[in-house]
Amino acid sequence: MNFIEPLFRSVSSFRGKQRLVIMLACSLVLVTAMLCFLAYSYFSFNHESRERLGALGDIVGADVGAALAFGDYQAITTSLTAFKSDPSIKQLFVLNEHDQISAYYQQKQAEVPDTVQKQRLKTLRSEVRRPYVVDLSPGVERSVIRDGIRLGTILIEQDERVITQQLAITIVISAVILLLVLGLSYVLANRFQRIISDPVTTMATIMQEVSSTKDYSKRVPASDTDEMNLLAERFNEMLTEIEQRDEDLLERQDQLHHMANYDALTSLPNRALFHDRLEQALHLAARSGEKLAVLFIDLDYFKMVNDTHGHRTGDLLLLETAARLTAGTRASDTLARLGGDEFIVILQDIKTPENALLVARNHIENLYRPYEIEDNRLYVSASIGVALYPEHGATAETLIKNADSAMFLVKETGKNNVELFTQSLHAKLSEQLGLSNDLHRALEQGEFEIYYQPRINLARNSWAGVEALIRWNHPERGLVPPDKFIALAEQNGMILSIGEWVLREACRQLHQWHGQGFHLPRVSVNVSPLQLQRQDLCGIVREALTSNNLCPQALELEIVESAFVDNAGPAIRTLKKLRTSGIKISIDDFGTGYSSLSYLRSLPVDTLKIDRSFLVHAHESAEDRQILAAIIAISHSLGLEVVTEGVELAEQEQILKDHHCQEAQGYYFARPMPANKLLACFENSQMRLEDARIQPVDSTKCSCCILAEGLVVPCGNWPVSCRSTPTGRL
Ligand code: C2E
Ligand code: MG
Ligand code: MG
C-alpha cells in the first residue's frame with residue numbers, strides 16, 4: 001500500500017483526491033469480489049466436472065459389468081470408445097476384481113507400455129484417494145458391483161483444461177464487467193463527489209477572491225452538510241471580523257494621515273502638506289513658465305486676545321480666521337496653517353505682482369472686520385508678506401522665508417498691511433542677522449557702554465535722577481543706538497544677559513558717583529518684558545544693590561506696557577515684590593501700546609512715563625495739550641507720579657509745569673551722555689539747570705536713605721518727607 005501516499009500527493013485538487021478515494025475503494029471492492037467469484041467458479045467447475053465423471057463412472061460400471069464378469073475385455077474396450085467425444089475425460093481405467101487393468105481409455109491414444117500405464121494408474125489412484133480439504137481431487141473412482149459381488153473398479157481422471165478454459169472465459173467476462181463497473185463508478189464518483197466537494201470548492205474560490213481582491217464583504221453561502229455549514233459559518237465570522245478590523249484600520253490610517261497632514265483645529269493643510277504642495281506647484285510653474293506667489297499671513301494682536309479672553313476664544317477666533325481666508329482663496333490655490341496665528345497661501349498662475357497684492361489686500365480687509373465671538377466683539381488685523389516665484393526664490397524654503405521676512409517688515413512698520421519682498425528688505429534683514437551674530441560677542445568684548453540722561457524734578461528744578469541707556473560701540477559700525485539692537489537681543493534671548501549687565505553697571509556707576517561726591521538720588525534702568533518672564537529679577541536686583549551699598553529707593557525699573565499683556569501674572573508678582581521692597585516701578589512709553597488707564601490701577605506701579613509722541617506737538621496743538629493734560633490728571637487721580645519724555649522746547653517744559661507733571665526728561669535739559677561726561681557736567685555746572693544741584697541731606701526726614709555704612713544717599717522725594725517707609729529688603 002506504499003504506492004497510495006505518492007499517488008495521493010500527485011493529485012493536488014480536493015476533487016481529484018476525492019475521486020481517487022472513491023475509485024480506489026471501488027476497485028478494491030470489485031477486484032476482491034471478482035477474485036472470490038473466480039475462486040468459487042473454479043471450485044464449482046471442478047465439482048460439477050467430477051459429479052458428472054462420477055455419474056459417467058456409474059454408467060460405465062453398469063455398461064461393463066457383464067463384460068467384466070465374463071472377462072470380455074474386447075467388449076469393454078469397445079464400450080469405452082463411446083467416451084472419445086467427451087473432452088472432460090483425460091483417461092479412464094477399468095480394473096478387474098484383482099485391480100488389474102482390463103481396459104483403459106486415453107484422450108490421445110498412444111502406445112504406452114504397460115509399465116507406464118501401471119504407474120499412471122497408481123499415481124491416479126493415490127491422488128483420487130487422498131483426503132483433500134477442498135474438493136480438488138483430479139478424478140473419481142467407482143466400484144463395479146453386481147449382485148453384491150465386486151467385479152472391478154472404474155477410475156476416471158478429468159481433463160483440467162476444460163475447467164481452465166471455463167475459468168478463462170469467466171475471467172474475461174468478469175474483467176469486462178469489472179471495467180464497465182469501474183467506468184460507471186468513475187462517472188458516478190465524478191458526479192456524486194460534487195455534492196461534497198462543491199461547497200469546499202466554493203469556499204476555496206471565495207477565499208481566493210478575498211485574498212486577491214481584499215474584498216472582505218464576500219460571504220460563503222450556507223451548505224446542507226452540517227460540517228460544511230459550520231465551516232462556512234466560522235469562515236464568514238472570520239471574514240466579518242477581518243472586515244471590521246480592516247475598516248478600523250482604514251479609519252485609523254485615515255486619522256493618522258489627517259493628523260500628519262492637516263491642522264487639528266482648522267482642518268486646513270499643515271506645514272508638512274503645505275510644503276509638499278508648494279514643491280509640486282513649483283515644479284508645475286517651472287515647466288509651464290508661470291509665476292506663483294506665497295502669502296505669509298500673521299494675525300496682529302492675536303496673543304493679546306488669547307491672553308485676555310482665554311484660549312477657547314483664541315481658538316474660535318482662529319477658526320473664524322480660517323473660514324474667512326478659505327472664502328477668499330480659489331479652489332486651485334492652497335491655504336494652510338503653519339501654527340499659532342500664522343497662515344500661508346500659494347497663489348498659482350499669478351500674472352503680475354499686483355494680482356498677488358490685490359488678493360492679499362482682500363484678505364486683510366476680510367480679516368479686519370470685527371469678530372463676534374461668544375458675546376465679545378474682537379478686532380484683529382493681519383500682516384501679510386508676499387514673495388513671488390521666480391523673482392524672490394526658486395525653492396519652497398526661500399519663498400517661505402522671504403514671504404516671512406516681508407511680513408516681519410509689516411509688523412515692524414505698523415501692522416495691518418501687505419508688503420512685497422524686495423532685495424533691499426533682504427539686505428536689511430541680512431544686516432540684522434549680522435548684528436544679531438555680533439551681539440553674541442559684544443558683551444564678552446566689553447563693547448557695551450551706558451549713557452545717562454538726567455531726569456528733572458520740574459517743581460524744584462532739581463535732578464530727580466538719571467536714566468541708564470545702553471550704547472553699543474561696534475568695532476566696525478561705530479556707535480549703535482538701542483533701537484537697532486534691543487529688539488534683536490530680545491529675539492535671540494541676549495537681552496537677558498545684556499539687561500543684567502546694565503542693571504549691575506548702572507548700580508555700580510551710581511555707587512561710584514556717590515563716592516565721588518555726586519549724590520545722585522536715583523538711577524532708572526529699562527527692563528525688557530523677557531527679563532520679567534524668564535529671569536530671577538528680584539535676585540539680580542538685590543545682588544546689584546547690596547554689592548554696591550545702595551538702598552532700594554536708589555533704583556527705578558522702567559517697564560513697557562507690553563510686559564503686562566503676555567502672561568502678566570508672574571510679571572506682576574515679581575514687580576509687586578520689587579515695589580514692596582522700595583524699588584520704584586514706572587511704565588515706560590505710556591500711550592504707545594495696549595494703553596488702558598483703568599488697567600493701571602491693578603498694576604504695582606509708582607510712575608507713568610508718558611511717551612514723547614504726546615508732547616511733540618503739544619505746544620502747537622490745543623487738542624494734544626488736552627490729551628496730555630487728561631493723561632496727567634487721570635494718572636494723578638490714580639495716585640501715580642508722571643514723567644514726560646522728549647522735552648525739547650521751553651514751551652513744552654512750561655506746559656508740563658502748568659499741568660503739574662512731576663518730572664521731565666529730554667534734550668532740552670540734557671542728552672544722554674557717558675558717565676564721566678555727566679560727572680564733568682555736574683562738576684562744571686555746564687548743564688542748563690544751574691540750580692539742579694544735589695541738596696544737602698537731611699537724614700532725619702528720610703530714614704530710608706541712610707545706609708548701614710553711614711553713606712547717605714538722598715531718595716527721590718528728598719527734601720520732602722518720604723511717604724513710605726520701605727523695608728529695604730527684597
Ligand atoms: P526709552 O526708555 O523710552 O528711552 C528714552 C529714549 O528717548 C532714549 O533713546 C533717549 O535718547 C530718547 N530721548 C530722550 N530725550 C529725547 C528728546 O528730547 N527727543 C528725542 N527725539 N529723543 C529723546 P535711546 O537711548 O535711543 O533708547 C531707545 C530705547 O531703547 C529706550 O527708550 C529703551 O526702550 C531702549 N533701551 C535703551 N537702553 C536699554 C536697556 O538697557 N535695556 C532695555 N531693555 N532697553 C533699553
Ligand atoms: Mg526708558
Ligand atoms: Mg520711553
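Order of listing sets the numbers, starting from 1, for every ligand and every atom in it.
- Under a 4.0 Å criterion applied to the non-hydrogen atoms of E558, ligand 1 contributes the atoms 2 (O).
- Atom OE1 is the N/O/S atom of E558 found closest to the Mg ion (ligand 2).
- N526 CB, 3.6 Å is the protein heavy atom nearest to atom 43 (C) of ligand 1.
- Considering both main-chain and side-chain atoms, Y668 never comes within under 3.5 Å of ligand 1 through any nitrogen or oxygen pair.
- An N or O contact shorter than 3.5 Å is missing between Q665 and ligand 1 by distance.
- For D611, every N, O or S atom stays at 2.8 Å or more from the Mg ion (ligand 3).
- With a 4.0 Å cut-off on non-hydrogen atoms, V560 does not touch ligand 1 at all.
- For residue N526, an N/O/S atom approaches the Mg ion (ligand 2) to within less than 2.8 Å.
- Residues H619 and I655 are in side-chain contact: their nearest non-hydrogen atoms beyond the backbone lie under 4.5 Å apart.
- Per residue D588, closest N, O or S atom to the Mg ion (ligand 3): atom name OD1.
- Not close to ligand 1: K609, with no non-hydrogen atom less than 4.0 angstrom away.
- Annotation: V502 places no N or O atom under 3.5 Å from an N or O atom of ligand 1; distance criterion only.
- Among protein heavy atoms, atom 16 (C) of ligand 1 sits closest to Y667 CE2, 3.2 Å.
- The minimum distance between the Mg ion (ligand 3) and any N, O or S atom of D589 involves atom OD1.
- The distance from ligand 1 to the heavy atoms of E648 drops below 4.0 Å at these ligand atoms: 17 (C), 18 (O), 19 (N), 20 (C), 21 (N).
- Distances from atom 15 (N) of ligand 1 to the heavy atoms of E645, Q453, E467, K484 show the closest one on Q453.
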